[in-house]
J.: 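A single structure is presented below for examination.
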Amino acid sequence: MAKPLKILIVEDQFVEANHLRLMLKKAGHSVIGMARSVPDAKYYIAEQRPELVLLDIFLSGKETGIDLAEILKDENIPFIYLSANSNEEVLSKAKLTHPQGFLVKPFREKDLLVTIEIAEYHQQYGMESSIRKELLFQKQLKTIVTKSGTWDERVFNIITALQSLISFDLVMAVFYMENKLSSRVLGYARTGLHEYQRIGIEELQNITALKESEITDLRNKSNVETNATFYNDEDFIKICEKDPLKKLMATSMNMKSNLMLPVPLALSGNGGLYLSFFSRQTDNYNKNHLTLCERLQEPLIFAVENLISHDKKLDKKNTSETPVTAKNIKDLGFESIIGKSPALLKIFDHILQVAPADTTVLITGESGTGKESIAHSIKELSNRKNQPFVKINCSALPPSLIESELFGHEKGSFTGASERRIGKFEQADNGTLFLDEIGDMPLEMQAKLLRAIQEKEIERVGGNDSIKVNVRIIAATNCNLEKEVADGRFRLDLYYRLNVFPIQLPPLRERKEDIGLLARHFITFYSSKTGKNVTEIGESALKSLLSYQWPGNIRELENLIERSILLAKTNTIEHIPLPAFDEIKINANSNEWFFKTIQENEREHIINVLEKCNGRIRGAGGASEILGLPPTTLASRMQKLGIKRSHF
């Protein structure tokens, strides 16, 4: 059981709140209060800071539980949502506040206690992870200041070390000495996992099409905040109207949020190094970053003053290029993942954070986004790299065989069991077990899987002995598991056991910067495989790829490139056989525009392929081969999307 916690209940229905209080008291927790509204909750939080808040979404008064969640998030107080409303829009808004759990009413006492236990683990793991990162950063700082190199090189090392604590797409370093703005302009734009483009005066001129004198004038007109502060979304737009330099970054490099980290220096009088972090995400920074900045000031002051003591000529223009080199992507365990878009770089950062631990990971994303490749990279970067990596597709097996496949069976345990079988859990002992399409696991099997994960032991079908297993779990799904939980198709306790470290993969249409890289990668691979001398993709073909919405994501792109290579008559692909697919349709009666959902697009695409294959799923030229799906997975998708033989 989780350790006793001080819990605040925020629920406007007294009967429900009191029922919760009794369950919590029975489990050994203490309830510091029962609030009916957001103002009531604020009073209890001010009087006695809770360790956890149970929070209903709909409360008395104008403010909702989601409004209070924003305050709790800023105060770093963990919270669990309680709601009888399973509306997907509400769930999506609630999810954006990053709760530690979500309970759908009515729930069992066991569901409540399991969710609290997992919420406590989430909070503890998050704090421990943050502390480890900060200690590692401080250790890196001490190493940086003792190394030889130019000022630019050492500042670059400090900035890149900060990436693990403060994510950014661009950082600008502004120097003031004796209250005077230094002529030195130094910044870095992130272009790859460990790749950064140096942004000096010349680079700024190229990017902005401004003269050096014009850039200097903008810098002189800009204010430098002396305290740590951040601007997101609308606040960033407003500050850009007052700060010409921020506006320049926003318009020329598509930045949408900003965090200022001042590093005031003592030994040089009135001066300092001011780091301005920018992100292309609208809400990348929050109050936790401000407290982090406060903790980082002292070690950063120490580091920068040590650098200055080795470089007295701070204002001397440095024309040397900083050698910003990256490690070979293959050496980092990402050889199966192609791309450099900001969305993908953030995924890489998450992988690097979670891989060394034994934490359970849940990878979510649409079909074809590369979930198995992400799982493989986590394994390659973990301490279990040289141990087994065992995969099972939960949608590819009939319910009657899944238990035997996972846990194995004894000889004679059922008809046809002519010998003992070792299941996937035992095969993956001391290694990693990848549970693909976990959302399709039958409900009756979910309880047995949960027990195996919790107890770290299994029983073979037909056996009586418990077998201890040491397995790291990575699960993946293209389902919205929160919706599956709300609709009663997926166990809540299993969801939170799996969702310890979630990684959400973006669809290909949200990382179009990577389409060209992916296309060229597949051209190289399939040209070699088929023996054809195809090396290029024509401009018109590439434009058609960029304008397409990719309902099948990377898998669809791969299949189309393979087909295009087979059809190509020269060394260049001039035409891509994209599906005849209307992304936007017009209702002739009402003249209203409407978009198809992803599920509708996928359904229509599968039907189109089946029609061309005359309904044949298996074999050469069958729909499963064209779509790049195992026949069993395609059959499962057809059933889920309501596709019947009559459709083709």
J.: Write down the atom of Y44, the atom of G33, and the distance for their closest heavy-atom approach.
T.: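 Shortest heavy-atom separation between Y44 and G33 comes out as CE2-CA, 3.7 Å.
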J.: Look only at the side chain of R460 and the backbone of S466, and say whether a donor-acceptor pair between them is shorter than 3.5 Å.
T.: no
J.: L103 versus L112: any side-chain heavy-atom pair under 4.5 Å?
T.: yes
J.: Is a side-chain donor-acceptor pair under 3.5 Å present for N284 with S167?
T.: yes
J.: So, for G439 and C479, which heavy atoms are closest and what is the spacing to 0.1 Å?
T.: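 So the two residues come closest at CA-SG, 4.2 Å.
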J.: Is S404 reaching over with its side chain to a backbone N or O of L401, donor-acceptor style, under 3.5 angstrom?
T.: no
J.: Using a 4.5 Å cut-off on heavy atoms from C-beta on, say whether the side chain of I77 contacts that of F79.
T.: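 No, their side chains stay 4.5 Å or more apart.
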J.: Flag yes if more than 12 heavy atoms outside K133 fall under 6.0 Å of its NZ atom; otherwise flag no.
T.: yes
J.: Answer whether the closest heavy-atom distance between the side chains of F277 and Y285 falls below 4.5 Å.
T.: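 F277 reaches Y285 side chain to side chain.
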J.: Counting only heavy atoms not in K379, do more than 12 sit closer than 6.0 Å to its NZ atom?
T.: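 Yes.
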J.: Test S367 against every option in N478, T633, N553 by the side-chain hydrogen bond (donor to acceptor under 3.5 Å, both in side chains) rule and name the one that passes.
T.: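 Per the side-chain hydrogen bond (donor to acceptor under 3.5 Å, both in side chains) rule, the option paired with S367 is N478, out of N478, T633, N553.
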J.: To the closest 0.5 Å, what do you measure between OG1 (T115) and CD (E120)?
T.: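 Atom-to-atom, T115:OG1 and E120:CD are 13.0 Å apart.
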J.: On a heavy-atom basis, which atom in A94 and which in P99 lie closest, and how many Å separate them?
T.: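 In this case the closest contact between A94 and P99 is O-CD, 3.5 Å.
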J.: Taking NZ in K287 as the centre, count heavy atoms belonging to other residues, nucleotides or ligands within less than 6.0 Å. Is the count above 12?
T.: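 Open.
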J.: If the threshold is 4.0 Å, N to carboxylate O, is there a salt bridge linking K256 and D283?
T.: no
J.: Are any non-hydrogen side-chain atoms of N393 and L397 less than 4.5 angstrom apart?
T.: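 No; the side chains remain at least 4.5 Å from each other.
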J.: When you look at NZ of K468, are more than 12 heavy atoms from neighbouring residues, nucleotides or ligands closer to it than 6.0 Å?
T.: yes
J.: With side chains defined as the heavy atoms from C-beta onward, is the minimum distance between E459 and I467 less than 4.5 Å?
T.: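 Heavy-atom side-chain distance check fails, nothing below 4.5 Å.
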J.: Could you tell me whether R384 and D358 make a salt bridge, using a distance below 4.0 angstrom between a side-chain N and a carboxylate O?
T.: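 Judged by the 4.0 Å cut-off on N to carboxylate O distance, R384 and D358 do form a salt bridge.
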J.: Side chain to side chain contact (heavy atoms under 4.5 Å, CB included) with L292: which of L259, I166, L261?
T.: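 Of L259, I166, L261, side chain to side chain contact (heavy atoms under 4.5 Å, CB included) with L292 is met by I166 alone.
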J.: Give, for atom CG of D349 and atom CZ of R190, the distance between the pair rounded to the nearest 0.5 Å.
T.: 4.0 Å
J.: Looking only at non-hydrogen atoms, find the nearest pair between A447 and R491 and report the distance.
T.: N-CD, 3.7 Å
J.: Test L508 against T369 for side-chain contact (heavy atoms from CB on, under 4.5 Å), laying out the working first.
T.: CA-CA 7 Å; L508 187 56; T369 48; over 6 Å; no
J.: Under a 3.5 Å distance rule, please check whether S257 uses its side chain to pair with a backbone N or O of Q281 as donor and acceptor.
T.: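 Yes, because the side chain of S257 sits within donor-acceptor range (under 3.5 Å) of the backbone of Q281.
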J.: Check whether H29 reaches the backbone of L5 with its side chain - one donor and one acceptor, N or O, closer than 3.5 Å.
T.: yes
J.: F236 vs F278 aromatic rings, parallel, tilted or perpendicular, using cut-offs 30° and 60°?
T.: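 Ring orientation of F236 relative to F278: perpendicular.
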J.: Nearest 0.5 Å, please: how far is CG in L449 from CD1 in I473?
T.: 6.5 Å
J.: With a cut-off of 6.0 Å (strictly less than), are more than 12 heavy atoms of other residues, nucleotides or ligands near CD of Q504?
T.: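 Atom CD in Q504 is packed in, count exceeds 12.
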J.: Taking side chain as C-beta onward, heavy atoms only, is M255 less than 4.5 Å from D169?
T.: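 Yes; the side chains approach each other to less than 4.5 Å.
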J.: Between K6 and E51 (salt bridge meaning N to carboxylate O under 4.0 Å), is one present in this structure?
T.: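 Salt bridge flag = no for E51 with K6.
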J.: Does R36 pair with E11 as a salt bridge, N-O distance under 4.0 Å?
T.: no
J.: Could you walk me through whether N227 and M260 satisfy the side-chain contact (heavy atoms from CB on, under 4.5 Å) test, starting with their C-alpha distance in whole Å, then the side-chain angles of each, then the deciding distance to 0.1 Å, before giving a yes or no?
T.: CA-CA 8 Å; N227 295 314; M260 286 297 300; over 6 Å; no
J.: Within this structure, what is the NZ-CG distance for the pair K238 and D233, rounded to the nearest 0.5 Å?
T.: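 The NZ atom of K238 sits 10.0 Å away from the CG atom of D233.
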J.: Does one side chain, of N286 or K73, offer a donor that lies under 3.5 Å from an acceptor on the other?
T.: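 Distance-only check fails for N286 and K73.
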J.: Salt bridge between E241 and K246, side-chain N to carboxylate O under 4.0 Å?
T.: no
J.: Could you check whether the rings of H350 and F501 sit parallel, tilted or perpendicular, using 30° and 60° as the cut-offs?
T.: perpendicular
J.: Tell me whether E63 contacts the main-chain N or O of L68 through its side chain, where contact means a donor paired with an acceptor under 3.5 Å.
T.: no
J.: Quick one: pull up CG in N499 and OG1 in T477 and give me the separation to the nearest 0.5 Å.
T.: 11.5 Å
J.: Just by modelled atom types, is the L433 backbone N or O under 3.5 Å from a matching donor or acceptor in the K391 side chain?
T.: no
J.: How about F102 and S83: do any of their side-chain heavy atoms sit closer than 4.5 Å?
T.: yes
J.: So which heavy atom on L498 is nearest to which on L362, and how close?
T.: O-CB, 3.4 Å
J.: Are the side chain of D67 and the backbone N or O of T64 linked by a donor-acceptor pair below 3.5 Å?
T.: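 Yes: the side chain of D67 pairs with the backbone of T64.
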J.: Decide whether N470 and D429 meet the rule of one side-chain donor and one side-chain acceptor closer than 3.5 Å.
T.: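 Per modelled atom types, N470 and D429 side chains form no pair under 3.5 Å.
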J.: Determine yes or no for a side-chain-to-main-chain donor-acceptor pair under 3.5 angstrom, with Q446 supplying the side chain and M441 the backbone.
T.: yes
J.: Would you call E117-R497 a salt bridge at under 4.0 Å N-O?
T.: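 Result for this pair is yes, salt bridge flagged.
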J.: Measure the shortest side-chain to side-chain distance between E70 and E75 over non-hydrogen atoms and say whether it is less than 4.5 angstrom.
T.: no
J.: Between Q163 and F168 (side chain of the first, backbone of the second, donor and acceptor by atom type, cut-off under 3.5 Å), is there such a pair?
T.: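 Answer holds: yes.
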J.: Do you know which two heavy atoms are closest between A355 and S382, and how far apart they sit?
T.: O-CB, 3.2 Å
J.: Drop me the distance from I7's CD1 to L20's CG, to the nearest 0.5 angstrom.
T.: 9.5 Å
J.: Evaluate N258 against S276 for side chain to side chain donor-acceptor pair (under 3.5 Å), listing each step before the verdict.
T.: CA-CA 7 Å; N258 172 235; S276 188; 2.9 Å; yes
J.: As a quick check of understanding, evaluate side-chain contact (heavy atoms from CB on, under 4.5 Å) for I378 and V361, giving each step before the final call.
T.: CA-CA 9 Å; I378 293 171; V361 179; 3.9 Å; yes
J.: Determine whether I554 and R511 satisfy the following criterion, side-chain contact (heavy atoms from CB on, under 4.5 Å), listing intermediate values before the conclusion.
T.: CA-CA 11 Å; I554 299 169; R511 43 177 286 220; 3.5 Å; yes
